[in-house]
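The chain is numbered in sequence order, starting from 1.
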Amino acid sequence: MSEGGAEQKPWKPKANPWLIAVAVTIATFMEVLDTTIVNVALPHIAGSLSASNDEATWALTSYLVANGIVLTISGWLGDILGRKRYFVICIVMFTVCSFMCGAATSLGQLILFRLLQGFFGGGMQPNQQSIILDTFPIAKRGAAFGVAAMATIVAPVLGPTLGGYITDTFDWRWIFYINVPIGIVAAILVSVLVEDPPWVKARRNRGIDFIGLGLIALGLGCLEIFLDRGVDDDWFESDFIRLMAALAALGILGAIAWLSVAKKPIVHLDVFKDRNFSVACVMIAATGGLLYASVVMIPQMVQQYLGYNATWSGLILSPGGILMIFLIPIVGRVMKKVAARYLVALGFTIMGFAFLYSSHLAQNIDFQTLVGMRLFQTSALAFLFVPISTVAYMTLPRERNGDGVALFSMFRNVFGSVGIALSTASVTESAQAHQNFLGQYASPFHQPFNTLVETYEKALVAAGQTAQAAHEMALGQVLRTIRAQAAILSYSDTFVYCAIVAFAVVPLTFLMTSKKSVGGPGGAH
């Protein structure tokens, strides 16, 4: 009871709360940016380190594995080390590991340092949100989470643009080196401005829950490998992927069972008894999945089938990130007058229609239309993150904020990986189906096919090719056109699936409530 009583005492940080919000967001922006900035540089990394593209993807997988595990146990680590101390350690070590990634001379070194980078980076997002929760009263959390959204929502969108520009203009190593000055500034600001409130200092050490830690590491680690490697290894056709799926299920189900009965669990699952928090986790999972799926699909499509380089593919996404910077503060103001559940419902509705609009793709689609599609999609995100984050902790007891933030961040990131995996799998499967369908018309018995081949032949002969060479080259060009058309259609299909998911979530938003818990610590600060 003493702890609970301490938590009821009013507390205000010595530093300006908004400076604290900016300081912790700088660090988190750097970390979240690294989840997408590396993607566009993988071919360059593979070539520089004498590795295949498939081997280079382990630089992504290792980061996601460590990141996903630490997200869940960050509250426990904060209790052991002290939240501020743990946050500063994460920033410093993430910065050091970033430098080591840039200096890596082999793929093995890069994977090791990316693993460590993900381990220390995983503690930043939960700590950022915990600090904001404790620094601001409920009435000001909406605006404060608007600042936090700059890292969580805008950083993944700007990552491919910045990564593409750095890779095309300088060298892939600089996508890691740029973290060094940012990390130094962030560590100094957090050290000077942030302080642990009394109830955080008073938290008792839970001890080390070895069983819970082991099951979480097994479940989430294998799940991330399963999701990240599944497409490349042809999913359940691979013995390795089947093993990862089995171990992921064993670890996750075992962790849920153990954490439900353990006396001192590494993370408390009773936070899910709070309806607002549970519904918000579903909402942020859907948001994360749709966000990361769309961030990956558009650059992938334009680079592979429309001839864009990494910089221009990223520029398609950038205006959407800029739009969110302007929209998020406006949404924060609107939240004072409109219930959060209505804004979230509006956000998913807009997103559904945005994905339907984005499904109207063609091989001759221009840059402006692609930017317009992305602007439509990102306008919806502004109505989602801030209201969802605000509602998630509105009725949650304050002593459970650490566990709540860890699990909330885990849902967003894990389902972001799920969104990437499912969208990539959908594109692959749908492209094969469309190619099989269109392939039946690539026959000498189909007159439009013959006409198209003859058109290419005449152009090639006029360019100086022999008749035989022109015929073979024309056939190759037609087949490439069919494959490209099948791929474009597959992206259209996947955008429709994303729209269905967005619309399906809308009814669930009305399970949210703005009612405060009666007498609970989360009811008032």
- Query: Parallel, tilted or perpendicular: which describes the rings of Phe376 and Tyr357, with under 30° parallel and over 60° perpendicular?
  - Reply: tilted

- Beyond-backbone contact of Tyr491 with Gln300, side-chain heavy atoms, under 4.5 angstrom: yes

- Item | Atom of Phe348, atom of Met283 and distance for their closest heavy-atom approach | CZ-O, 3.6 Å

- Item | Backbone N/O of Leu375 and side chain of Thr378: donor-acceptor pair under 3.5 Å | yes

- Task: Write down the atom of Gly68, the atom of Leu220, and the distance for their closest heavy-atom approach.
- Result: O-CD1, 3.4 Å

- Evaluate side chain to side chain contact (heavy atoms under 4.5 Å, CB included) for Ile284 paired with Phe385, printing each intermediate quantity in order. CA-CA 7 Å; Ile284 203 65; Phe385 179 80; 3.9 Å; yes

- Query: Mind checking whether Leu291 and Arg412 have side chains closer than 4.5 Å, heavy atoms only?
  - Reply: no

- Query: Quick one: does Ser278's side chain have a donor or acceptor within less than 3.5 Å of a partner on Phe272's backbone?
  - Reply: yes

- Compute whether any side-chain donor of one residue and acceptor of the other, for Asn67 and Glu31, lie under 3.5 angstrom apart. yes

- Message: Heavy-atom count check: over 12 atoms from other residues, nucleotides or ligands less than 6.0 Å from Trp235 CH2?
- Response: yes

- Could you go step by step and tell me if Tyr305 and Leu361 meet the side chain to side chain contact (heavy atoms under 4.5 Å, CB included) rule? CA-CA 12 Å; Tyr305 302 104; Leu361 298 171; over 6 Å; no

- Message: Under a plain distance cut-off of 3.5 Å, with no hydrogens placed, do Ser318 and Arg374 share a side-chain donor-acceptor pair?
- Response: no

- Just wondering, are more than 12 heavy atoms of other shown residues or ligands nearer than 6.0 Å to CZ in Phe503? yes

- Side-chain donor/acceptor of Ser359 to backbone N/O of Ser492, under 3.5 Å: no

- Task: Check whether any side-chain heavy atom of Asp403 sits under 4.5 Å from a side-chain heavy atom of Trp76, and report yes or no.
- Result: no

- Nearest non-hydrogen partners of Ser379 and Leu323, listed with the distance: CB-CD2, 4.0 Å

- Nearest-0.5 Å distance, CG of residue Leu422 to OG of residue Ser417: 10.5 Å

- Give, for atom CG of Leu346 and atom CG of Leu384, the distance between the pair rounded to the nearest 0.5 Å. 9.0 Å

- Have Gln129 and Ser389 got a donor and an acceptor in their side chains that come within less than 3.5 Å? no

- Would you call the rings of Phe226 and Phe236 parallel, tilted or perpendicular, where under 30° means parallel and over 60° means perpendicular? tilted

- Classify the angle between the aromatic ring planes of Phe99 and Tyr177 as parallel (below 30°), tilted (30 to 60°) or perpendicular (above 60°). tilted

- Message: Let's go through Ile225 and Trp58 carefully: what are the C-alpha distance in whole Å and the side-chain angles of both, what is the deciding distance for side chain to side chain contact (heavy atoms under 4.5 Å, CB included) to 0.1 Å, and is it a yes or a no?
- Response: CA-CA 9 Å; Ile225 294 174; Trp58 281 102; 4.2 Å; yes

- Message: Within the structure provided, determine whether Leu370 and Leu306 are in side-chain contact (heavy-atom separation under 4.5 Å).
- Response: yes

- Query: Side-chain contact, heavy-atom cut-off 4.5 Å: Asn276 with Leu396?
  - Reply: no

- Item | Derivation and outcome, side chain to side chain contact (heavy atoms under 4.5 Å, CB included), residues Val302 and Trp312 | CA-CA 9 Å; Val302 299; Trp312 279 98; over 6 Å; no

- Item | Gap between atom CD1 of Ile256 and atom CG of Leu259 - 0.5 Å precision | 8.5 Å

- Polar side chain donor-acceptor pair, Ser98 to Asn179, under 3.5 angstrom: yes

- Task: Just say parallel, tilted or perpendicular for the rings of Phe277 and Phe408, cut-offs at 30° and 60°.
- Result: tilted

- Query: Just wondering, do Ile298 and Phe495 contact through their side chains at under 4.5 Å, heavy atoms?
  - Reply: yes

- For the residue pair Leu407 and Met410, establish whether any side-chain heavy-atom pair is separated by less than 4.5 Å. yes

- Query: Heavy-atom distance under 4.5 Å between the side chains of Val24 and Met124, does that happen here?
  - Reply: no

- Measure across Ala51 and Leu107 and return the closest heavy-atom pair with its distance rounded to 0.1 Å. CB-CD2, 3.7 Å

- Distance col, row Ile111:CD1 vs Leu116:CG, nearest 0.5 angstrom, shows 12.5 Å

- Quickly, which of Thr167, Ile178, Ile175 forms a side chain to side chain contact (heavy atoms under 4.5 Å, CB included) with Leu162? Name it, please. Ile178

- Message: For Leu110 versus Cys101, what's the shortest heavy-atom pair and its separation?
- Response: CD1-O, 3.6 Å

- Message: Let me confirm one number: the CG-OG1 distance from Leu33 to Thr28, rounded to the nearest 0.5 Å.
- Response: 12.0 Å

- Nearest heavy atoms of Gly123 and Tyr86, plus distance in Å: CA-OH, 3.5 Å

- To the nearest 0.5 Å, atom CD of Gln377 lies from atom CE of Met324 at 10.5 Å

- Message: Taking Ile45's backbone N and O only, do any of them form a donor-acceptor pair with Ser48's side chain (distance below 3.5 Å, no angle check)?
- Response: no

Name every donor-acceptor pair, under 3.5 Å, that has one atom in a side chain of residues 482-490 and the other anywhere in the protein, sequence neighbours excluded.
residue, atom, partner, partner atom, Å
Ser490, OG, Val427, O, 3.4
Ser490, OG, Ala487, O, 2.5

